[in-house]
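Notes follow once the structure below has been shown.
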There are 2 protein chains.
Amino acid sequence: MKEAMADRSRRRVGIGDVAARAGVSHATVSRVMNGNTTVNASIAQRVQAAAAELKYKPNPVGRSLALGKTETIGIVVPDLSNPTFQSILRDVSIAAARDGYRVLIADSSEVSSEEAILAGEARRRCDGVVLCAPRMSQDELEELAPTLHPLVLINRTTELSSTPSLVVDYGHGIQKLGAHLVELGHRRIAYLTGPERSASNVQRLRGLEKFVQDYPEVELQVIPGGNTYDAGNEASDAVASCGATGILVFNDVAAMGLLHGLSERGIRVPEDLSITGYDDMPFARYTMPGLTTAAVPITQLGSLAWRRMREHITQANAQSPTDHFEPHLEIRGSTAPPKA
Amino acid sequence: MKEAMADRSRRRVGIGDVAARAGVSHATVSRVMNGNTTVNASIAQRVQAAAAELKYKPNPVGRSLALGKTETIGIVVPDLSNPTFQSILRDVSIAAARDGYRVLIADSSEVSSEEAILAGEARRRCDGVVLCAPRMSQDELEELAPTLHPLVLINRTTELSSTPSLVVDYGHGIQKLGAHLVELGHRRIAYLTGPERSASNVQRLRGLEKFVQDYPEVELQVIPGGNTYDAGNEASDAVASCGATGILVFNDVAAMGLLHGLSERGIRVPEDLSITGYDDMPFARYTMPGLTTAAVPITQLGSLAWRRMREHITQANAQSPTDHFEPHLEIRGSTAPPKA
DNA sequence: CGACTTTTGGGAAACGTTTTCTCTCAATGT
DNA sequence: ACATTGAGAGAAAACGTTTCCCAAAAGTCG
């Protein structure tokens with residue numbers, strides 16, 4: 001009760017205020033706030049009471065400074081309007097929240113040169129960073145990775161054995177979709193690409209190379225596309241005139257745009273043309289017709305990403321093999337045997 | 001160069017390291033790092049060089065402690081899987097990033113009792129909080145608001161004149177949609193609701209009360225729905241059998257689910273039934289048929305939210321009138337005159 | 001050339017915690 | 001009765017910055 005009145009003007013109540021109120025030292029207050037048992041029960045109670053009366057809550061930044069950790073992780077994504085990254089963000093966020101961690105977001109707006117900067121900044125404020133499908137080159141990534149250490153990569157890998165990676169096997173998934181079309185009888189197939197800098201796009205292209213080796217009878221062409229509704233829609237003419245009977249689209253979003261464009265042009269799906277998407281986004285079953293797609297188990301991915309992050313935060317030298325996620329076919333109404 | 005070698009073992013380089021390297025004091029280093037001009041050019045250069053060689057970057061948490069600000073804002077949303085909140089999050093995030101601020105996210109998972117806690121936590125770590133469509137009661141909100149001070153509310157308002165609010169006039173928007181149906185000749189209309197706790201749902205209901213007053217000839221019924229694809233889809237039977245010729249759906253997401261369900265039941269849109277959505281989400285023009293909807297200017301909303309936040313962060317006693325956003329009709333293929 | 005400003009940069013306090021030391025005091029054992 | 005231990009609480013250092021306050025050096029003016 002020494003000088004508690006003096007700093008009534010002070011903005012926020014600090015540990016000192018409750019110490020004064022309870023007639024103990026800063027140290028003791030800190031101890032009871034952290035559940036340290038080496039403090040006399042009656043004093044502890046007095047401190048609790050004082051804290052409650054003053055509505056004292058420890059200042060996290062003071063705490064972070066002393067503890068050297070922020071209980072926050074950063075996540076950097078190329079584009080927050082992309083449903084895939086939205087899902088990942090969400091799943092990582094709720095997994096982290098379950099363990100009392102928060103997430104700080106950074107959107108690089110698909111400009112790869114921003115990624116390193118954002119990631120570095122995020123790392124300095126957070127206990128770790130998850131780098132989501134970075135667009136930067138492999139060299140840049142290799143250089144950046146060690147500086148970020150508690151780092152988990154999604155859809156990219158690195159030489160560094162200390163950074164866990166979670167990769168979806170996009171190549172394999174698109175092979176499955178292609179095989180599905182072949183089984184239905186399609187021989188002329190086109191791939192409508194995603195963004196050029198996207199690693200998952202090149203994985204699909206790789207998978208398709210393998211695909212044409214396995215099925216030499218198919219004739220595959222590649223049409224430039226994108227990963228947005230508009231991009232899919234705008235590709236309608238190119239798709240309509242390409243002569244293929246089955247179209248593998250980069251993802252469900254572009255596929256939905258394409259579906260609409262085709263319908264406007266009087267092309268029926270799946271009667272005239274079979275379409276596949278990718279990712280099995282929530283809306284994929286509700287397009288018309290429902291999209292045949294490759295489902296990637298995205299909620300597992302988010303929570304596993306957090307699990308790996310936590311391992312590396314708690315034990316500095318944890319090692320993780322890279323985790324693989326296998327997409328599985330989800331067959332719906334947008335694919336059928338070709339016309340004739 | 002005194003004892004620079006001594007702490008090679010130290011983890012991260014601090015201001016002291018570069019001070020030692022440049023042969024100046026902490027204070028001077030701090031000054032040059034912050035672009036303070038009161039330091040001799042040659043010394044400044046020496047410090048810059050030392051900082052560069054050591055790759056020194058100021059520790060943000062030390063900085064935050066000294067400065068009393070984190071250059072971070074928190075945003076709490078009821079559900080990150082909801083496209084509306086995803087958009088807001090994204091737009092706020094990029095607006096804030098332009099001014100060098102970051103955003104910390106918190107997802108309350110639609111449980112209203114979590115909101116106050118999450119918001120309080122976020123506020124302690126951040127310079128301000130944006131509370132997005134909180135589900136809590138008005139009383140709780142009034143009580144919470146003053147404790148969060150740099151606070152901006154989205155889709156809710158408060159008595160407190162110091163907290164800016166951004167509200168979309170959902171009531172007015174749905175009246176416009178209803179009027180559109182009436183003009184087309186519809187008399188029996190149904191509203192497929194959103195989540196009960198959603199303030200924007202009750203605003204729509206209020207708007208509809210007004211709507212039936214303005215158009216006494218219409219017969220309006222209310223059907224319980226939701227804000228997800230699945231909820232819309234599951235309402236298909238109820239909608240099909242309700243006898244209405246025009247359906248106002250809570251939002252585009254549910255409307256898309258409904259569209260699919262109706263199609264499966266052989267009900268044609270808009271020939272047999274007119275459907276409207278709400279929000280003009282990116283995919284709304286690509287459903288089949290394209291959704292007539294009420295567009296809310298969501299990117300303006302996000303950036304204005306940030307602008308208001310910035311005002312209140314920089315000037316403690318800023319006042320803002322609440323900002324209103326007027327949805328406008330976006331007429332597409334899902335509405336047409338009723339059959340007979 | 002001396003007194004009086006103005007730069008300029010260092011020392012130390014401040015931000016709000018946690019934690020290591022250290023000290024006191026009581027209890028226990030011999 | 002005395003030394004030894006142990007528990008419990010306070011003082012102070014630490015975390016990494018910024019900034020206030022001074023002192024010294026340098027410049028200005030009469």
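Chain naming here is simple, since letters A, B, ... match the order of the sequence lines and numbering starts at 1 in each. Keep in mind the model is a prediction, meaning the values are calculated, not measured.
Take the nearest nucleotide of DNA chain D for Pro58(B) and for Arg31(A): the residue whose nucleotide is more 5' is Arg31(A). Closest-nucleotide positions on DNA chain C for Leu65(B) and Thr38(B) were compared, and the one nearer the 5' end corresponds to Thr38(B).
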task: Please step through side chain to side chain contact (heavy atoms under 4.5 Å, CB included) for the pair Ile88(B) and Val92(B), ending with a clear verdict.
output: CA-CA 6 Å; Ile88(B) 293 178; Val92(B) 169; 4.1 Å; yes
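Residue contacts shown for Thr28(B) are limited to sugar-phosphate atoms, with no base heavy atom under 4.0 Å away. Residue Val24(B) is classed as a sugar-phosphate contact, given heavy-atom separations below 4.0 Å to backbone atoms only.
Summarising the geometry, the separation between NZ on Lys69(A) and C1' on dT17(C) is reported as 13 Å, rounded to the nearest angstrom. In this entry the distance linking CG of Asp17(B) with C1' of dG16(D) reads 11 Å, nearest Å. For Asn59(B) and dA14(D), the CG to C1' distance is 14 Å, given to the nearest whole Å. Rounded to an integer number of Å, the gap from CZ of Arg124(A) to P of dG16(D) is 14 Å. Remark: P of dT20(C) and CG of Asn34(A) are 12 Å apart, rounded to the nearest angstrom. In this entry the distance linking CG of Leu54(A) with P of dG16(C) reads 15 Å, nearest Å. The NZ-C1' distance, from Lys57(B) to dG16(D), rounds to 16 Å in whole Å. Rounded to an integer number of Å, the gap from CZ of Arg12(A) to P of dC15(C) is 13 Å.
A salt bridge links Arg102(A) and Glu121(B); the closest N-O separation between the charged side-chain nitrogens and carboxylate oxygens is under 4.0 Å.
Annotation: Gln45(B), atom CD; neighbour count of heavy atoms from other residues, nucleotides and ligands within 6.0 Å does not exceed 12.
Two residues are said to be in side-chain contact when any heavy atoms from C-beta on lie closer than 4.5 Å; Arg310(B) and Ile313(B) fail this criterion.
Comparing dT19(D), dT17(C), dT17(D) against the side chain of Leu67(B) picks out dT19(D) as the nearest. Of all nucleotides listed (dG10(C), dG10(D), dT18(C)), dG10(C) comes nearest to the side chain of Ala27(B). Taking the side chain of Ile15(B) as heavy atoms from C-beta on, and the options dT18(D), dG9(C), dG10(D), the nearest nucleotide is dT18(D). The side chain of Ala66(A) sits closest to dC15(D) out of dG16(D), dT20(C), dC15(D). The side chain of Ser25(B) approaches dG11(C) more closely than any other nucleotide in the set dT18(C), dG11(C), dA11(D). Closest contact between the side chain of His26(B) and the listed nucleotides dC20(D), dT18(C), dT17(D) involves dT17(D).
Only one option out of Glu143(A), Gln138(A), Glu142(A) pairs with Thr158(A) in a side-chain hydrogen bond (donor to acceptor under 3.5 Å, both in side chains); it is Glu142(A).
For the pair Arg63(B) and dT18(D), the criterion of a side-chain N or O lying under 4.0 Å from OP1 or OP2 is met.
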